[in-house]
2 protein chains.
Amino acid sequence: MASLSDIAQDLGISVSLVSKVLNDNLGTTRASTKTAHAIRKRAMELGYRKNRSAVALKSGRQNVLGVFVHRQGLPGSGLNEHLMEGIAFEAMKFHQSISLTFFEAASEFRSSCEHVHRGTMDGLIVGGVRHTELEKDLLRLNAEGLKVVTILNDELHPLLPNVKVDQGEVARMATHHLIERGCRRIAQIGGEGPRLDGYKAALREAGLPTDEALVCPCNEDDFVFEVGVRGAEYLLAGDAGSCLLAGRFDGVVAQSDQQAVGALNTFLRAGLRVPDDVRLIGIDNSAYCEFSMISLSSISQEFQQRGRLAVRMLMDAVAGKQVRSVTVKPVLHVRQSSK
Amino acid sequence: MASLSDIAQDLGISVSLVSKVLNDNLGTTRASTKTAHAIRKRAMELGYRKNRSAVALKSGRQNVLGVFVHRQGLPGSGLNEHLMEGIAFEAMKFHQSISLTFFEAASEFRSSCEHVHRGTMDGLIVGGVRHTELEKDLLRLNAEGLKVVTILNDELHPLLPNVKVDQGEVARMATHHLIERGCRRIAQIGGEGPRLDGYKAALREAGLPTDEALVCPCNEDDFVFEVGVRGAEYLLAGDAGSCLLAGRFDGVVAQSDQQAVGALNTFLRAGLRVPDDVRLIGIDNSAYCEFSMISLSSISQEFQQRGRLAVRMLMDAVAGKQVRSVTVKPVLHVRQSSK
DNA sequence: ATGAAAGCGCTAACAA
DNA sequence: TTGTTAGCGCTTTCAT
């Protein structure tokens with residue numbers, strides 16, 4: 001590993017001059033073209049590369065971004081993969097490396113936080129769909145001078161800038177799409193809170209009534225396959241065993257692609273035709289939307305984009321700029337199930 | 001950020017003593033219990049944390065692992081996710097952060113390599129199913145003193161230790177499982193090379209004949225859904241339009257879960273029953289094995305485990321130890337499709 | 001049992 | 001146009 005002083009010695013000049021030239025950082029003054037040229041040439045020959053820990057030590061920064069990813073309860077959805085890609089891509093641009101931790105339980109998160117401090121990293125990105133009670137720990141870290149940006153459904157606290165996708169908008173968009181495709185009696189599986197509101201808002205905007213019987217009761221707030229199966233079974237049972245339900249419901253909005261596939265499989269087994277009898281849409285735009293018996297329409301939550309934004313925001317914050325939460329628009333992906 | 005000298009000043013002692021005590025690194029001598037205690041107490045109070053770039057600068061190491069991940073042509077399989085989890089988990093244990101880059105084309109890999117050197121990272125892990133012509137670049141980096149460990153199907157070069165899963169064994173295991181389940185005429189979709197050999201080996205071991213007509217011709221060496229669809233169509237067509245093919249083939253080994261799901265959907269549409277008429281198995285143990293109409297048996301390539309091993313091997317290599325390639329056993333996961 | 005000093009590689013204020 | 005110097009925070013050898 002060649003260092004600045006190697007170059008300086010070889011050329012019989014001072015280290016600082018070499019540094020200035022190689023950094024294009026001469027201030028008001030200039031270096032002679034000849035010297036500059038010689039320096040660059042020698043640097044090239046020696047394969048000189050900056051030592052990043054020396055730079056870090058000098059600048060008081062670490063050039064490391066902490067990344068805490070809540071291992072989302074949706075294996076195979078590719079959400080984390082997209083998130084990581086976005087973060088990695090943008091971090092690379094800023095020459096930041098990543099200290100990556102996956103966590104599941106809040107306790108895991110807690111203990112991971114122990115290793116987080118300004119001597120280790122400059123900032124922290126916390127991602128995942130669910131936000132639990134991370135707020136206190138993050139505020140503490142923030143108070144200690146560590147910049148924090150979250151990628152969650154909702155901002156945790158005004159001091160913790162967040163990259164959000166509005167969940168009401170996600171559900172509204174999904175429901176609106178089915179309405180546009182001609183559905184008039186749209187059921188909803190497993191939603192609550194903003195998602196439920198968004199669903200109702202879309203119906204209202206279209207002048208359609210809300211039928212509470214079409215909102216599948218759901219005590220688990222989980223996004224898994226089985227919830228979709230049970231939701232579909234509930235809808236089918238509602239028609240007292242008859243398998244052809246046109247008229248009773250003609251569209252289903254699920255809360256995840258897993259749920260949607262669960263419902264899809266159940267409908268198909270029961271002899272319903274998708275999209276002819278029922279149109280279906282999921283949420284997340286998972287890779288397996290392409291692999292179901294009928295390919296699945298979905299709404300993407302733009303995790304790659306959000307990862308990239310979060311890094312940029314964090315870099316701004318580290319640079320001392322004021323950073324504010326942003327909202328990213330979800331995107332509709334139409335496939336067979338709602339054609 | 002409290003530093004060693006803060007502690008030293010507060011206690012009116014020298015920095016070096018503080019360093020020694022906090023590192024449990026006193027050599028042959030000892031520090032008075034009282035002083036040691038005071039140091040630890042003050043460190044605690046001040047929330048002292050080591051500055052990692054100072055340590056890195058001093059030690060000549062970066063404590064950064066480069067991770068290059070070949071964005072595998074299998075979105076949704078979760079392979080990269082598992083790989084990253086394994087790597088992240090183990091890197092954390094060794095207090096290493098990660099410089100993460102995803103690449104697709106060899107040219108992307110090339111240009112990423114430009115940023116790779118000893119002033120940036122101590123070692124490099126290259127992961128992905130496919131190994132292209134990365135060898136030359138990696139050997140160059142290795143020659144420059146950067147340790148490299150790969151996570152590929154096969155070692156690239158004796159100087160580049162690899163964490164392998166034997167592809168012949170993967171196919172053999174899949175085929176063997178179907179034989180054990182009672183299949184006698186097992187087709188193979190899309191395989192070649194070691195995978196094809198493994199398939200044949202399993203048949204041979206069981207004393208079953210190889211029927212070339214059951215090896216679906218496949219000009220794309222790709223693992224995608226459509227290849228599975230076409231493979232299944234080929235098998236169905238072979239029976240001149242009849243849909244009940246018991247006797248013609250009773251098992252199918254695919255080269256990926258995507259392929260397997262493509263074949264599954266095609267069989268189901270054609271009226272075949274799975275697993276009654278045909279038993280099916282995929283490879284990768286993707287998350288969506290659980291979400292197909294009939295849940296899919298599969299063979300996992302243990303990417304999490306391999307990621308962890310790779311980090312350990314790399315740390316050994318960085319520490320100057322001799323490191324050799326290892327082989328990890330694939331694991332069978334039985335679900336409905338082969339019950 | 002404790003401390004002084006040197007130095008890792010780099011940058012930047014200041015001097016010449 | 002170029003150089004000197006100090007110092008970022010830490011470890012480690014060699015004193016005391």
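Chain identifiers are assigned alphabetically (A, B, ...) following the order of the sequence lines, protein sequences preceding nucleic acid strands; residue numbering begins at 1 within each chain.
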Heavy atom of residues 10-24 of chain B under 4.0 Å from DNA chain C: which residues? Gly12(B), Ile13(B), Ser14(B), Ser16(B), Leu17(B), Lys20(B)

With no hydrogens and no angle check, is any side-chain donor or acceptor of Arg306(B) less than 3.5 Å from a backbone partner on Val163(B)? yes

Can you tell me the distance, in whole Å, between the NZ atom of Lys50(B) and the P atom of dC8(C)? 20 Å

Asp6(B) CG to dC10(D) P: how many Å, rounded? 9 Å

How would you list, by chain and number, every residue that makes a side chain to side chain donor-acceptor pair (under 3.5 Å) with Ser32(A), sequence neighbours excluded? Thr35(A)

Partners meeting salt bridge (charged side-chain N to carboxylate O under 4.0 Å, His left out) with Lys58(A) (sequence neighbours left out): none

Let me test you: for the helix from dA1(C)-dT16(D) to dA16(C)-dT1(D), what is the angle between the axes at its two ends (five pairs each), rounded to 10 degrees? 50°

Using the side-chain contact (heavy atoms from CB on, under 4.5 Å) criterion, which residues pair with Ser300(B)? Sequence neighbours excluded. Asn285(B), Glu302(B), Val331(B), His333(B)

Hey, does Thr35(A) reach any base, or is it just sugar-phosphate, or nothing, if we go heavy atoms under 4.0 Å? sugar-phosphate

Distance, rounded to the nearest Å, where Leu4(B) contributes CG and dA4(C) contributes C1': 16 Å

Which residues share a side chain to side chain donor-acceptor pair (under 3.5 Å) with Asn162(B), sequence neighbours left out: Thr150(B)

Would you say Gln62(B) and Gln96(B) are linked by a side-chain donor-acceptor pair, where the criterion is simply a distance under 3.5 Å? no

The nucleotide from dC10(D), dT2(D), dT11(C) with an atom nearest the side chain of Tyr48(B) is dC10(D)

Look at the side-chain N and O atoms of Ser32(A) and state whether any lies under 4.0 Å from the OP1 or OP2 oxygen of dT2(D). yes

Toward the 5' end of DNA chain D, which comes first, Thr33(A) or Leu57(A), by nearest nucleotide? Thr33(A)

In this structure, how many angstroms lie between the C1' atom of dG9(D) and the CG atom of Asn63(B), rounded? 14 Å

So, using salt bridge (charged side-chain N to carboxylate O under 4.0 Å, His left out) as the criterion, who are the partners of Lys321(B) when residues are at least two apart? Asp316(B)

Sequence neighbours left out, what passes side chain to side chain donor-acceptor pair (under 3.5 Å) with Arg40(B)? Give chain and number order. none

Qualifying residues under side chain to side chain donor-acceptor pair (under 3.5 Å), relative to Lys164(A), sequence neighbours excluded: Asp154(A)

Could you state the CD1-P distance from Ile7(B) to dT11(D), rounded to the nearest angstrom? 11 Å

Tell me the interatomic distance from Lys58(B), atom NZ, to dA6(C), atom P, rounded to whole angstroms. 12 Å

Would you indicate, yes or no, if dT11(D) has its OP1 or OP2 atom less than 4.0 angstrom from a side-chain nitrogen or oxygen of Asn25(B)? no

What integer distance in Å separates Arg61(B):CZ from dG9(C):P? 15 Å

Over how many whole Å does the gap from Asn51(B) atom CG to dC10(C) atom C1' extend? 14 Å

